[in-house]
Each structure stands twice: as structure tokens, then as C-alpha cells.
Amino acid sequence: MDFRSRLSESAKRLKSSLIRELLKYANVPGVISFGGGVPDPETFPREELAEIARKVIMDEYRFSLQYGTTEGDPLLKEQYIRYIERYYGIHGLTPDNLLVTVGSQQALDLIGRVFLDEESIIAMSAPAYLGAISAFRVASPKVISVPLQEDGMDLDYLEERLRKLSPEESKRFKFVYVVPNFHNPAGVTLSLEKRKRLLEMAEKFDFFIVEDDPYGALRFEGDPIPSIYELGGKERVVLLNTFSKVLCPGLRIGLVIGDEEVIRLLVKAKQGADLCSPSLTQRITARYLEAYDLLEKLKTTLRLYREKKDIMMEAFEKYLKDLDVSWVNPQGGLFSWLTFPEDINTLEMLDVGKDKGIIWIPGEAFYIDGSGKNHMRVSFCLPPKEDIVEGARRLRETVLAYKKIRAQVR
Ligand SMILES: Cc1ncc(COP(=O)(O)O)c(C=O)c1O
């Protein structure tokens with residue numbers, strides 16, 4: 001049977017992730033990886049979770065080992081509403097404003113299913129989170145790629161593009177997708193002024209905003225900025241949140257916060273996807289939130305990430321400054337974003353990097369149109385401190401060797 005001849009149009013558009021391919025190298029002994037965008041496993045509260053998991057299985061098996069409702073565990077929602085009040089300062093939420101998803105990734109997929117088709121138009125940053133690109137690509141919408149600046153999306157550019165849409169196209173313009181804090185991959189944060197302006201634009205051009213915020217609680221410097229949801233409310237914003245980066249991704253707990261109608265639509269789509277999120281991990285998370293102060297516990301993690309980030313920035317100053325490289329110094333999250341001179345192709349350079357024992361994620365992985373070749377995403381949270389310095393040194397060696405090879409080829 002030639003299965004390929006029977007593929008759906010959307011399956012034909014599926015691409016395997018460059019990141020997943022690359023991360024295979026991360027496990028080769030001696031290789032230092034700046035590539036992985038995952039939290040440091042040493043920060044996972046394994047003793048606490050093990051104890052809770054046992055109780056949840058033994059004492060609450062009628063719930064935790066059974067199917068649950070598509071909307072999610074009521075107890076988790078109750079705990080989560082408290083967390084959201086404290087962390088985001090968002091009040092007045094009811095369980096009907098929440099949907100528990102299998103990570104934020106599922107929320108992105110459901111949003112794609114519910115709101116997008118081939119005629120749709122959306123806007124997202126360039127570079128953008130790869131998982132969002134994959135989730136939205138299934139429907140094949142037209143994407144307006146908006147350049148990123150130090151304070152987030154270039155809203156002048158977006159406004160100009162929106163003005164140019166015909167009245168008929170404007171109706172098909174659905175939403176702007178934003179990662180407001182410590183952007184993946186670019187590390188930048190959307191300023192308060194831009195958050196307000198984006199909301200004004202949403203009113204003026206009649207679209208909604210998908211605010212995807214996995215990293216906001218990972219701020220280790222500077223003052224927090226109100227979320228777009230807090231500023232604009234459920235009329236214009238759907239907020240995605242996740243426990244992946246603040247607790248652990250293995251639980252696969254994400255939450256959508258939005259208008260009751262939006263939640264109902266997403267629930268319908270989720271029924272076809274997986275019936276419900278796992279009862280077991282939902283209840284473990286609920287009991288964990290009940291027993292521990294997540295934000296208090298996070299402080300230790302943030303101290304560690306800040307220290308690692310500072311080490312990386314210092315190492316870049318030492319090893320990359322004179323090579324005409326610039327980088328983002330993030331105030332939180334997991335990533336920095338490097339910009340090399342135009343003639344450096346970071347995907348091509350990766351072959352040299354692998355020889356020298358250092359890998360990263362090439363910038364073009366995060367662009368829809370294959371541009372961004374002179375950028376790279378690096379993460380400081382996973383490598384041990386000494387590896388961060390050695391990795392930066394190897395990166396320098398790699399750049400020098402790559403330049404030499406290129407000069408010879410010419
Ligand atoms: C911007 C962004 N959104 C969503 C996700 C998905 O997270 P999860 O499905 O683990 O909640 C990630 C993960 O890296 C991310 O960086």
C-alpha cells in the first residue's frame with residue numbers, strides 16, 4: 001500500500017521539526033547544547049510530586065484513574081483561578097472561563113481548528129514560536145509576518161499591513177498571535193505601550209489577540225508588565241498559560257482563559273481530539289497547588305536561571321564581542337537570540353559547530369519564509385554553568401573556523 005498517495009492536503013504540509021532533529025546531537029557525549037528550550041530538571045519538585053502522586057492514585061482513584069470532563073478537573077480550575085488572581089491580578093474568572101489543555105501546544109492546535117481555514121488571515125511575529133507555526137499551518141491560513149523589535153512586534157508595520165487589507169480581506173483577518181514575555185525564540189518582551197496599542201488596534205480593525213504566555217512568571221529582572229488579557233479582557237483576548245516552565249512539562253498541563261463562548265467552542269474541538277486531559281496529572285497538579293506556594297518555590301529556580309543567564313552574557317562579551325555579533329539580554333525566560341553579520345549562515349555553520357562540540361538552533365527554523373539565516377537561538381537554562389562558558393568559547397572557535405572555510409571556498 002502506498003500510504004503517501006492517500007495523504008490529506010494538511011498532512012502534506014506537515015514538516016518534521018529541525019529542532020527535534022538537532023536535539024539528537026545534544027546527547028552525544030562531550031557536546032554542549034545551547035539548543036534545548038526545556039527547563040532544568042533539577043528544578044522539578046520530584047519528592048513532593050511523588051508523594052502527592054501516590055496519594056492521588058491510592059485515595060482518589062475513582063477520579064484520578066477515570067475519564068474526566070473535557071473542560072477539566074474542577075479542583076484544578078479552582079486552584080488555578082487563585083493562582084491567576086495572584087500572579088496576573090486577573091479577577092472575576094469562573095470555571096466557565098477556563099479550559100484545561102494538554103499543554104499550551106494543544107491550545108494552539110484547538111485555536112487553529114476552531115478559527116482558521118485556508119481563507120483566513122492571521123499575524124504573528126517573525127521570528128515566531130515554531131509550535132504555533134506548526135499548529136496554525138494545518139489550516140493553511142495566510143500569515144502576515146511582523147518583524148520583532150527590542151520591545152516586541154513592530155506595530156507600525158502591522159498597522160500598515162492591516163490598512164492595506166481590502167474590506168473583504170479584513171473580515172477574514174482573525175487574530176494576532178503574540179508571545180508577550182521573553183519571546184521564544186527572541187527573548188524580547190512586548191512593552192506596556194505596545195500592549196495598549198495592540199488592543200486599540202484590535203478594536204479599530206476588529207480582530208482578537210491570542211496571548212501565549214508560558215514565560216511571564218519566569219521574570220528574574222525588572223518589573224512585571226500587565227498581561228494583554230488583564231488590560232483588554234475577554235472581549236478581545238484569549239490567554240494561554242502553562243505549567244510546563246514553572247512546574248514541569250511532563251505533567252502536560254496548560255490552560256486557556258477566555259470568553260465563555262470561546263471556551264465552549266474549544267471544548268467541542270477538544271472532544272474530537274482527546275475527550276479529556278489526563279485526570280491523573282490534573283489532580284496531581286491541583287493537589288500540588290493546594291499544598292505548596294508555586295510562586296514562592298519558583299524563586300529558587302529564578303535565582304538559578306538568572307545566574308546562568310548572567311554567566312552566558314559575560315561569556316558572550318568575552319568571546320563574541322569582537323566578532324560583530326549582537327545578542328538579546330533577556331529579563332526572564334529561557335532564551336537569548338544572537339545576530340551575526342549577514343554573510344554568516346548559522347545552519348551551515350552548524351556542521352562546524354558539531355565538530356567543535358557546540359550546537360544551537362539556527363534562526364531560519366523560526367521563520368516561515370526561510371529567512372533569518374544569520375540568527376541563532378540559544379538557551380542558558382539547561383547547560384551546567386561551566387559548560388555555558390566553554391560553549392561560548394567553542395562558539396567563538398566555530399565562527400572563526402567557519403569564516404576561514406568560507407574564505408577558502410571563495
Ligand atoms: C511560546 C510557546 N508556546 C507554547 C509552548 C508549548 O508549551 P506546552 O505545550 O509545554 O505548554 C511553548 C513551549 O516551548 C512555547 O515556547
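Numbering of ligands and ligand atoms starts at 1, following listing order. Computed from a prediction, not measured in an experiment: that's the story for all the values here. In this chain, residues are counted from 1 in sequence order.
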- Task: Taking the side chain as every heavy atom from C-beta outward, state whether Leu334 and Asn184 have any pair of such atoms under 4.5 Å apart.
- Result: no
- Return the residue, atom name and 0.1 Å-rounded distance of the protein heavy atom closest to atom 13 (C) of ligand 1. Lys245 NZ, 3.1 Å
- Return the residue, atom name and 0.1 Å-rounded distance of the protein heavy atom closest to atom 3 (N) of ligand 1. Asp212 OD2, 2.6 Å
- Message: Taking 4.0 angstrom as the limit and counting only heavy atoms of Arg252, give me the atoms of ligand 1 inside it, by number and element.
- Response: 8 (P), 9 (O), 10 (O)
- Which atoms of ligand 1 are found less than 4.0 Å from any heavy atom of Gly103? 8 (P), 9 (O), 11 (O)
- Message: Assess the residue pair Trp360 and Thr398 against the criterion (side-chain contact (heavy atoms from CB on, under 4.5 Å)); give the C-alpha distance rounded to whole Å, side-chain angles, the decisive distance to 0.1 Å, and a yes or no.
- Response: CA-CA 12 Å; Trp360 56 83; Thr398 303; 3.9 Å; yes
- Item | Val179 neighbourhood, listing ligand 1 atoms whose heavy-atom distance to it stays under 4.0 Å | 1 (C)
- Message: Going by salt bridge (charged side-chain N to carboxylate O under 4.0 Å, His left out), Arg287 matches just one of Glu60, Glu51, Glu48. Which one?
- Response: Glu60
- Task: Answer with yes or no whether the side chains of Tyr402 and Glu348 bring together a donor and an acceptor at under 3.5 Å.
- Result: yes
- Only one of Arg306, Arg219, Glu221, Lys309 clears side-chain hydrogen bond (donor to acceptor under 3.5 Å, both in side chains) with Gln331; which? Arg219
- Task: Identify the protein heavy atom lying closest to atom 16 (O) of ligand 1, giving its residue, its atom name and the separation to 0.1 Å.
- Result: Tyr215 OH, 2.5 Å
- Query: Near Asn184, which atoms of ligand 1 are under 4.0 Å from a heavy atom of that residue?
  - Reply: 14 (O), 15 (C), 16 (O)
- Which atoms of ligand 1 sit under 4.0 Å from any heavy atom of Pro214? 1 (C), 2 (C), 3 (N), 15 (C)
- Note the single closest protein heavy atom to atom 10 (O) of ligand 1, along with its residue, its atom name and the distance in Å. Ser244 OG, 2.6 Å
- Query: Is there a side-chain contact between Leu190 and Glu211, using heavy atoms and a 4.5 Å cut-off?
  - Reply: no
- Can Arg283 be said to sit on top of Phe63's aromatic six-ring, NZ or CZ under 6.0 Å from centre and within 45° of the ring axis? yes
- Message: Can you see whether Phe115 has Lys174 sitting over its ring - NZ or CZ less than 6.0 Å from the centre and within 45° of the normal?
- Response: no
- For atom 6 (C) of ligand 1, the protein heavy atom that lies nearest, with its residue and separation: Tyr129 OH, 3.4 Å
- Task: Determine whether any heavy atom of His183 lies closer than 4.0 Å to an atom of ligand 1.
- Result: no
